[in-house]
2 protein chains.
Amino acid sequence: MATGRTHRPATRSRGIPEATVARLPLYLRALTGLSERSVPTVSSEELAAAAGVNSAKLRKDFSYLGSYGTRGVGYDVEYLVYQISRELGLTQDWPVVIVGIGNLGAALANYGGFASRGFRVAALIDADPAMAGKPVAGIPVQHSDDLEKIISENGVSIGVIATPAGAAQPVCDRLVAAGVTSILNFAPTVLSVPEGVDVRKVDLSIELQILAFHEQRKAGEDAAAAEAADVVAPVVRGGAAVDRKGPDGDMPAVMPA
Amino acid sequence: MATGRTHRPATRSRGIPEATVARLPLYLRALTGLSERSVPTVSSEELAAAAGVNSAKLRKDFSYLGSYGTRGVGYDVEYLVYQISRELGLTQDWPVVIVGIGNLGAALANYGGFASRGFRVAALIDADPAMAGKPVAGIPVQHSDDLEKIISENGVSIGVIATPAGAAQPVCDRLVAAGVTSILNFAPTVLSVPEGVDVRKVDLSIELQILAFHEQRKAGEDAAAAEAADVVAPVVRGGAAVDRKGPDGDMPAVMPA
DNA sequence: CCATCTTTGTGCACGCGTTCACAAAGACAT
DNA sequence: ATGTCTTTGTGAACGCGTGCACAAAGATGG
Ligand SMILES: NC(=O)c1ccc[n+]([C@@H]2O[C@H](COP(=O)([O-])OP(=O)(O)OC[C@H]3O[C@@H](n4cnc5c(N)ncnc54)[C@H](O)[C@@H]3O)[C@@H](O)[C@H]2O)c1
Ligand SMILES: NC(=O)c1ccc[n+]([C@@H]2O[C@H](COP(=O)([O-])OP(=O)(O)OC[C@H]3O[C@@H](n4cnc5c(N)ncnc54)[C@H](O)[C@@H]3O)[C@@H](O)[C@H]2O)c1
């Protein structure tokens, strides 16, 4: 997904589908739970239920990693934990910096889920001079003037951005220039990065809006049954000064599913 | 749509693909920025660049909403803001409750991005008796004993779970029983919900693991790039108007559960 | 060893999403 | 009106992801 589109599936041949990669952490978490309860083996059916996915999908996902199961028995939990961890690169230590230690940044710094896997908070960085030296989650906050030095000295390749939206792109640019090649962005902005840098974003507002869309639909389904034949919806336009054609121009009342 | 295939095409809402719905908030944010700068119209090319997507994709997305553009000119910003807002259900007010007011829950409560759209924090709920009555972000925390009452009295249909993982499912069950039909889950757990309830999850740990995977792959490629020079392929695409390519920052970091 | 039973691994079909490419639509000038 | 120029809206092709269904593999029992 990230690179290589008009080329041969060079990365695809040995590569794992992006959708599968996104599910591996899910499997890993379920397997870790089983491991802690000393369960020796699991079937694809059981594990799929624990991870909340289809069992066929899980088996296909695992097939990209190799044949790690035993027919008639299932998968060895410990072995699979190791294989997935290795595939995800969690057998090594990943130093991470968090930039922007406000409400969210502080919460992230305090989050125990970082260290539970191979991630280590190498540094907390903020532009506010008043925060410099102040410990958050036991780690002293450093000023953003030293960002480049911090990145290079700690060999950081993963950065988390929790600054206000306006500061996100400049911070991103500095992180990338300093050598960071993976960014997790919490600021509600589209980040522009050069080729080879991965960006993933977490946007609470977008999630809520998606939920609202479906929520509206659920609420509208009841009313829709009543006024099913009502076609022309008198759209009340707020603020817009331009006159437009009405919606639902040639939309069939019932969509051909 | 999480699990279980109903007799109806639940995925195909009103002819609007799920992938399109997930991008509408992105367009809306870009349009809001243009609106604040009093830009009257935008072309699909400009707006697509601002939203970080392909212009053809944007046009196709908009085509699901209707024909709101003018050929040779582009789209009327204000009008489009209204249309997308209406489609997403943001013209109405959505009361939201946050359950689990710890580090993350408090950060969410303080987040201004809630009110910027039609979302309103109706209540903060926590199980810790010591927190009851204590104001967070100007809102007094209420005890979870009153959860059902709070939900019904405020007509809440969207709930945010920011409790520890172990408490997430019980909290979810209570929310759903009280009438909540959309849940945004921050706890690292697979939530089981009845038909008709939407769950979206935000999992920081998963995001980091996905980044780690690609990071590892990048590191491995560099090692192999020394001798296998044919693999590198400097992807120079002619005709593209983009100079600074934003690779794949638009991959949603949150997945429908 | 053979039979049976369980569960994996995967070939295959299908639907969704993305992208290209272009005709049609409208703005604007003459 | 007519022509040119810009940009939308969409048909069509393609690739990816998903889920079904089943043969193969191995365990287990006699
Ligand atoms: N709080 C949430 O729940 C939440 C949810 C979703 C998204 N977000 C987004 O996350 C970001 C942070 O949210 P917050 O509530 O923590 O905001 P905040 O204002 O509490 O914290 C922002 C911090 O970033 C620092 N900062 C500003 N510019 C900086 C720079 N150039 N370099 C380094 N540090 C800088 C500030 O000093 C401050 O400490 C915002 O973009 C917000 O929209 C927050
Ligand atoms: N902090 C982060 O950055 C972060 C990031 C990703 C995920 N998470 C997840 O979000 C959740 C919250 O994280 P946190 O750091 O805020 O934890 P936290 O311990 O600071 O806060 C948890 C809060 O939930 C409350 N609580 C516990 N049981 C409850 C119940 N049954 N009903 C209502 N409230 C209850 C607790 O009293 C506490 O106030 C955790 O599941 C965590 O894994 C946190």
Side-chain angles (χ1 to χ4, degrees), chain A residues 1-2 4-13 15-24 40-49 51-76 79-80 242 244-245 247 249-251 255-257, chain B residues 1-5 9-13 15-24 40-49 51-76 79-80 237-242 248 250-252 255-256:
Chain A
M1 181 100 191
R5 39 192 59 169
T6 42
H7 288 283
R8 289 172 297 133
T11 51
R12 195 72 61 196
S13 56
I16 301 173
E18 191 58 31
T20 295
V21 173
R23 280 188 294 268
L24 289 182
T41 59
V42 272
S43 67
S44 63
E45 203 70 49
E46 294 167 326
L47 185 55
V53 301
N54 185 297
S55 71
K57 194 187 296 185
L58 178 142
R59 287 198 301 275
K60 178 144 290 191
D61 283 340
F62 285 174
S63 76
Y64 293 114
L65 308 183
S67 285
Y68 295 148
T70 304
R71 300 181 188 218
V73 175
Y75 300 91
D76 182 276
Y79 186 60
L80 204 47
V242 194
R244 288 303 178 113
K245 46 182 167 282
D250 42 14
M251 283 271 270
M255 296 293 293
Chain B
M1 72 166 176
T3 52
R5 212 70 175 108
T11 29
R12 206 72 168 203
S13 323
I16 302 182
E18 190 59 30
T20 295
V21 172
R23 280 189 294 267
L24 290 182
T41 59
V42 271
S43 68
S44 64
E45 203 70 50
E46 295 166 327
L47 185 54
V53 302
N54 184 296
S55 70
K57 194 187 294 185
L58 178 141
R59 286 198 302 276
K60 177 140 290 193
D61 283 342
F62 285 175
S63 77
Y64 293 114
L65 308 182
S67 284
Y68 295 148
T70 305
R71 299 179 189 221
V73 176
Y75 300 90
D76 182 276
Y79 186 60
L80 203 48
R237 315 206 44 202
V242 276
D248 274 318
D250 50 49
M251 180 84 181
M255 318 173 57

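In what follows, every chain begins at residue 1, and chains take the letters A, B, ... in the order their sequences are listed.
- Taking atom NZ of B/Lys57 as the reference point, atom P of D/dC14 lies 19 Å away to the nearest angstrom.
- When rounded to the nearest whole Å, the span between CZ of A/Arg23 and C1' of D/dG19 equals 11 Å.
- Screening B/Leu24, B/Thr20, B/Val21 for a side-chain contact (heavy atoms from CB on, under 4.5 Å) with B/Tyr64, the sole residue that qualifies is B/Thr20.
- Taking the six-membered ring for Trp and the full ring otherwise, the centers of A/Tyr75 and A/Phe62 sit less than 6.0 Å from each other.
- Residues B/Val42 and B/Asp76 form no side-chain contact, since every pair of their non-hydrogen atoms from C-beta on lies 4.5 Å or further apart.
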All N/O contacts under 3.5 Å from nucleotides 7-10 of chain C to the protein, with atom names and distances to one decimal?
from: C/dT7; atom 1: O4'; to: A/Gly72; atom 2: N; distance (Å): 3.0
from: C/dT8; atom 1: OP1; to: A/Ser44; atom 2: N; distance (Å): 2.5
from: C/dT8; atom 1: OP2; to: A/Ser44; atom 2: OG; distance (Å): 2.6
from: C/dT8; atom 1: O2; to: A/Arg71; atom 2: NH1; distance (Å): 2.8
from: C/dG9; atom 1: OP1; to: A/Gly69; atom 2: N; distance (Å): 3.0
from: C/dG9; atom 1: OP2; to: A/Tyr75; atom 2: OH; distance (Å): 2.7
from: C/dG9; atom 1: O4'; to: A/Arg71; atom 2: NH2; distance (Å): 2.9
from: C/dG9; atom 1: N7; to: A/Arg59; atom 2: NE; distance (Å): 2.9
from: C/dG9; atom 1: O6; to: A/Arg59; atom 2: NH2; distance (Å): 3.3

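- Side-chain contact between A/Thr70 and A/Thr41 is absent, with no heavy-atom pair separated by less than 4.5 Å.
- Residues A/Arg59 and A/Ser63 form no side-chain contact, since every pair of their non-hydrogen atoms from C-beta on lies 4.5 Å or further apart.
- Whole-Å rounding puts the B/Glu46 CD to D/dT6 C1' distance at 12 Å.
- Under the side-chain hydrogen bond (donor to acceptor under 3.5 Å, both in side chains) criterion, B/Ser43 pairs with B/Glu46, not counting sequence neighbours.
- Among the nucleotides D/dC20, C/dG17, D/dG17, the one closest to the side chain of B/Ala19 is C/dG17.
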